[in-house]
Colleague: 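Encoded as structure tokens, here's the structure I'll be asking about.
Naming: A, B, ... by sequence-line order, numbering from 1 per chain.
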Amino acid sequence: MELTVDRVSKLYKNKIAVDRVSLRLHEGVYGLLGENGAGKTSLIRMVCGVLKPSSGSISFDGLDVGDEEYRAALGYLPQDFGYYPEFSAQDFMYYMASLKGLTKPVARAKTRELLELVSLSDVAKKKIRTFSGGMKQRLGIAQTLLNDPKLLVLDEPTAGLDPKERIRFRNLIARLGQNRIVLLSTHIVSDVEHIAGTILLMKKGKMLHQGSLEDITQVIRGKVYQCLMENHEAQELTRLYPIINYRSQGEKVLLRFVCQGDPPAGAVKVTAGLEDLYLYYFSEAEGHE
Amino acid sequence: MNSNMKRLLKECFEAPEPEKKQEFIASLPSPDVSIMDFLLSQAAYIPKWIWSLSALIFVVALVGAGYLKKDMLWCVSACMPLLALAPVTESGRSQRWDMAELEMSSRFSLKSVLLARLGILGLADLLLFFLLLPLAWMNGGSSILETGVYMLCPYMLTVLLGLWASRIVHGRECAYLCGAIALGVALGNALLYQTIQGFYARHNFPYWVLAFALLSVGAVKQCIETIKQKEEPVWNLR
Ligand SMILES: Nc1ncnc2c1ncn2[C@@H]1O[C@H](COP(=O)(O)OP(=O)(O)OP(=O)(O)O)[C@@H](O)[C@H]1O
Ligand SMILES: [Mg+2]
């Protein structure tokens, strides 16, 4: 099983949204991480055949994105989606099942099972119009699994989920990733930190890094420090180092920053996490690439 | 008593979790749907108002022509644009409700879904046309061929304008615009009939045929353009 993205670019009018991205994905969970406007949705749309790349090619096990078999193996949750106004949750699932080419009995069995999975069974017959944002999102997730996809692509799947559902979702994804390719985008670091085997870090249309959590945090490992200081001292430090976090604690300020050479007096070395890396790359201060 | 017992039993004994449920479900053969099944499944998702409207038009024509013995030609052909509204609005519905992205990425993509639904609606409209034709013809002075052409002209005009509009305007505005176009054509047709002497006169028939030919070519062209646009994935992005 392999998804190949080969030097794919997307140009909108005169703006480059995705810039020559190449990827090879195998079974497992991939977390696509990037700030707003990084080009995550554009990339994902191209992988799902909804948007035509300006250049480059995408294939899955030798099938081109345009093929019916490619789409048959795909489950896709768009960043935002609508529904026909008269639909109930069940109607929506049946409708998607009909588009995915499931027969009626299979559609019924799958719908029951999946609505159960996302804990929407008791509102299956309610109109989607009456759903909360998180409920609609869960319905969207359920829909992707109808055809038991080999390639599961989710654009910000955890948007609007409460902490309890978020955990459930994480466990579900971890399980699903065992025998299929799961690609999910997010800008919430903790969503992918623990479940994604591979992190794809995207910035301004370019793929900055790809690798396991250990691999990609390598860049700042042993260079993250924390220290509690007076306000004016802190001001000085923000000019010198890339700041990861800045938090007031009473009179003083708790600073978390990256430092390449010798740290200032009083600073303590801390373990670098994905969040540190993310903030390091996407902090206001540019040019630490 | 019985249901009470059941409930009690349920409370006392928890049913064991089904083992290997996933494996079992996966092992079930999932038969492929045929094209016919797909068409039928899509017919179910055509909005109810379309069927109701068609039935209403038929009943009006039936009562007018069969019971009141009126010349229904102008009335029936004024209703034709409303029938044309169905396939036209259907072509923009996915976008209006923001379902396009989901539909494009599923196995039977938006294009086939649309083709299926437009095919069904076209067929239904054709059937209705043949049902209305004798009703429009029976109390008037025109031949059946003439009647047919008089009826189809406003239909084709609405399809042409409506499809053209729905490729340029999207969403809610598009639905309103198409409705306005259909109403406009319907009213225009009725108004012209009232004001122009010999609107349906025999000596004018060649112009009608010419108009029908041109409108048909235009409508088919718009159909092709619309389907083509759904194939091209970039269209749905805001
Ligand atoms: N249809 C479009 N026309 C023009 N520019 C677009 C279009 N869609 C996206 N863009 C631009 O392309 C860039 C990438 O957008 P994209 O939606 O892929 O980002 P994203 O990473 O998904 O962001 P977010 O986290 O906000 O969802 C943005 O700068 C955006 O302005
Ligand atoms: Mg996005």
Colleague: With a 4.5 angstrom heavy-atom cut-off, is it the side chain or the backbone of A/N147 that approaches chain B, or both, or neither?
Modeller: neither
Colleague: Should B/E101 and A/R45 count as an ion pair when the cut-off is N to O under 4.0 Å?
Modeller: yes
Colleague: Suppose a student defines contact as a heavy atom less than 4.5 Å from any heavy atom of chain A. Which residues in residues 51-63 of chain B would they list?
Modeller: none
Colleague: Apply ring-ring contact (aromatic ring centres under 6.0 Å, His included) to B/F108 and list each qualifying residue two or more places apart in sequence or on a separate chain.
Modeller: B/F38
Colleague: Given heavy-atom pairs under 4.5 angstrom as the criterion, report whether the side chain, backbone, both or neither of A/Q143 touches chain B.
Modeller: side chain
Colleague: Taking only Lys NZ, Arg NE, NH1 and NH2, and the carboxylate oxygens of Asp or Glu, determine whether A/E165 and A/R168 approach each other closer than 4.0 Å.
Modeller: yes
Colleague: Count the heavy-atom pairs under 4.5 Å between each of A/A72, A/G75, A/G140 and chain B, then report the option with the highest count.
Modeller: A/A72
Colleague: Contact part of A/M96 toward chain B, heavy-atom cut-off under 4.5 Å: side chain, backbone, both or neither?
Modeller: side chain
Colleague: Looking at A/L25, A/V153, A/V65, which hits side chain to side chain contact (heavy atoms under 4.5 Å, CB included) with A/V47?
Modeller: A/V153
Colleague: B/W164: which residues meet the ring-ring contact (aromatic ring centres under 6.0 Å, His included) condition with it, sequence neighbours left out?
Modeller: none
Colleague: For A/Y95 and A/F92, I'd like to know if the aromatic rings sit close, meaning centre-to-centre distance below 6.0 Å.
Modeller: no
Colleague: So which part of B/S41 gets closer than 4.5 Å to some heavy atom of chain A, the side chain, the backbone, both or neither?
Modeller: side chain
Colleague: So which part of B/Q42 gets closer than 4.5 Å to some heavy atom of chain A, the side chain, the backbone, both or neither?
Modeller: side chain
Colleague: So what's closer than 4.5 Å to chain A heavy atoms on B/R96: side chain, backbone, both or neither?
Modeller: neither
Colleague: Go through the structure and list residues passing side-chain hydrogen bond (donor to acceptor under 3.5 Å, both in side chains) with A/K206, not counting sequence neighbours.
Modeller: A/D19
Colleague: Heavy atoms, side chains only, cut-off 4.5 Å: are A/F169 and A/R138 in contact?
Modeller: no
Colleague: Among A/C48, A/A73, A/S98, A/G66, who wins on heavy-atom pairs under 4.5 Å with chain B?
Modeller: A/S98
Colleague: Would you mind checking which part of A/Y70 comes under 4.5 Å of any heavy atom in chain B, side chain (CB onward), backbone (N, CA, C, O), both or neither?
Modeller: neither
Colleague: Taking A/E68's backbone N and O only, do any of them form a donor-acceptor pair with B/R107's side chain (distance below 3.5 Å, no angle check)?
Modeller: no
Colleague: Any Lys/Arg nitrogen of A/K110 or A/D148 sitting under 4.0 Å from an Asp/Glu carboxylate oxygen of the other?
Modeller: no
